[in-house]
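Take a look at the structure below.
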Amino acid sequence: MNNKPIIGYIQHWLDTVCKHNARDIVNLYASDGVLLGTVAENIKIGQSEIIQYFNMFVTKQPCGEIDTIFAQDYGNIAVVDGTYTFQLNNDEGGRDSVLARFTFVLKNVGGGWKIATHHSSVNPD
């Protein structure tokens with residue numbers, strides 16, 4: 001099975017995050033999508049809540065790269081797991097590296113992928 005389009009969608013999400021436009025990021029999520037963000041205090045449900053998270057997150061000027069990725073394609077649903085490393089601005093004016101793990105559940109909406117669920121958490125020490 002060719003998982004390159006699925007992996008490509010996650011890379012597209014990451015590339016979009018690196019451009020720091022919250023609206024563009026949120027447009028990659030389903031209208032009823034769910035986000036458990038890396039630095040979020042609570043679950044965000046729906047684009048109106050997800051944008052609140054990304055409005056905050058982009059202030060940290062995030063950019064990252066995928067370290068490992070594994071995709072499973074079930075037709076209209078795909079599950080993607082892996083790890084990524086983000087560089088984020090810190091309060092002291094420097095940059096921090098944040099190693100995190102992720103799971104994306106993608107669903108086919110109108111012939112294209114949308115993020116149905118996204119969970120990201122800092123790797124445990």
Side-chain angles (χ1 to χ4, degrees):
M1 197 169 290
N2 181 3
N3 291 332
K4 286 184 181 180
I6 297 164
I7 292 171
Y9 192 81
I10 302 307
Q11 184 62 55
H12 174 63
W13 172 87
L14 188 57
D15 293 343
T16 304
V17 169
C18 291
K19 293 177 183 172
H20 313 132
N21 183 312
R23 174 55 55 202
D24 289 346
I25 300 165
V26 170
N27 285 338
L28 301 176
Y29 289 77
S31 60
D32 59 349
V34 176
L35 172 66
L36 292 86
T38 310
V39 295
E41 293 182 11
N42 51 35
I43 297 171
K44 305 297 184 188
I45 301 171
Q47 288 184 342
S48 63
E49 290 187 18
I50 293 171
I51 198 163
Q52 294 170 14
Y53 174 80
F54 283 111
N55 281 335
M56 175 279 303
F57 192 61
V58 299
T59 66
K60 299 176 181 295
Q61 298 292 296
C63 197
E65 60 185 45
I66 295 169
D67 300 316
T68 61
I69 193 164
F70 177 73
Q72 301 168 82
D73 185 352
Y74 299 104
N76 285 329
I77 298 287
V79 179
V80 186
D81 297 290
T83 58
Y84 40 34
T85 302
F86 273 97
Q87 301 296 318
L88 305 171
N89 286 351
N90 62 35
D91 294 338
E92 292 77 40
R95 301 278 284 170
D96 291 329
S97 288
V98 178
L99 284 70
R101 53 198 171 171
F102 63 81
T103 298
F104 287 90
V105 176
L106 306 177
K107 67 179 178 179
N108 191 313
V109 177
W113 293 114
K114 290 286 185 177
I115 300 166
T117 297
H118 174 199
H119 176 224
S120 181
S121 58
V122 175
N123 282 356
D125 291 333

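No hydrogens, no waters, no symmetry mates; every other heavy atom, side chains included, goes into these values.
Note: D67 CG to T85 OG1 = 3.5 Å, rounded to the nearest 0.5 Å. If you take CG on L36 and CD1 on I45, they are separated by 8.5 Å, rounding to the nearest 0.5 Å. Distance SG/C63 to CG/N89: 11.5 Å, rounded to 0.5 Å. For the atom pair I77 CD1 and L106 CG, the distance stands at 8.5 Å (nearest 0.5 Å). Note that the CG atom of L14 and the CD atom of Q11 stand 5.0 Å from one another [nearest 0.5 Å]. Atom OG of S121 and atom CG of L99 lie 11.5 Å apart (nearest 0.5 Å).
I25 and V109 fall into different hydrophobic clusters, defined by Ile, Leu, Val, Met, Phe, Trp and Tyr side-chain heavy atoms under 4.5 Å apart, directly or through other members. By the criterion of side-chain heavy atoms lying less than 4.5 angstrom apart, applied directly or through intervening Ile, Leu, Val, Met, Phe, Trp or Tyr residues, I66 is grouped together with I7 in one hydrophobic cluster. Clustering ILVMFWY residues whenever any of their side-chain heavy atoms sit less than 4.5 angstrom apart, transitively, puts V39 in the very cluster that holds L35.
Using a distance-only test at 3.5 Å, with no hydrogens or angles considered, a donor-acceptor pair links the side chain of Y9 to the main chain of W113. Of the possible polar contacts, none joining the H118 side chain to the G37 backbone as a donor-acceptor pair under 3.5 Å is found. The main-chain N or O of T16 is never found under 3.5 Å from a side-chain atom of D24 such that the two would form a donor-acceptor pair. Side chain of Y53 to main chain of T38: a donor-acceptor pair is present (N/O by atom type, distance under 3.5 Å, no hydrogens or angles). Put simply, the side chain of T68 gets close to the backbone of T83: a donor and an acceptor are under 3.5 Å apart. In this structure, N123 contributes its side chain and R101 its backbone to a donor-acceptor pair below 3.5 Å. Although no hydrogens or angles enter the test, the distance criterion places a donor-acceptor pair under 3.5 Å between the side chain of Q47 and the main chain of V26.
Around the CD1 atom of I43, the shell of radius 6.0 Å holds no more than 12 heavy atoms that belong to other residues, nucleotides or ligands.
No hydrogens or angles considered: nothing links the side chains of R95 and N90 as a donor-acceptor pair under 3.5 Å.
Considering all non-hydrogen atoms of both residues, S97 and Q87 come closest at OG-NE2, 2.7 Å. Pairing each heavy atom of K114 with each of A30, the nearest pair is CB-N, 3.8 Å. Among all heavy-atom pairs drawn from A78 and I6, the shortest one is CB-CD1, 3.7 Å. For V98 against L88, the heavy-atom pair with the smallest separation is CG2-CD1, 3.6 Å. Residues K107 and D32 share a closest heavy-atom pair of NZ-OD1, 3.3 Å. A pairwise comparison of heavy atoms in C18 and G64 identifies SG-N, 3.5 Å as the closest pair.
Using the six-membered ring where Trp is involved, W13 and Y84 have ring planes that are parallel, under 30° apart on the 30 and 60° scheme. Taking the six-membered ring where the residue is Trp, F57 and F86 present perpendicular rings, their angle passing 60° and hence far from 30°.
Put simply, the side chain of V34 does not reach to within 4.5 Å of the side chain of H119, judged on heavy atoms.
Paired with V80 under the rule side chain to side chain contact (heavy atoms under 4.5 Å, CB included), one option of N3, V105, I10 passes, and it is I10.
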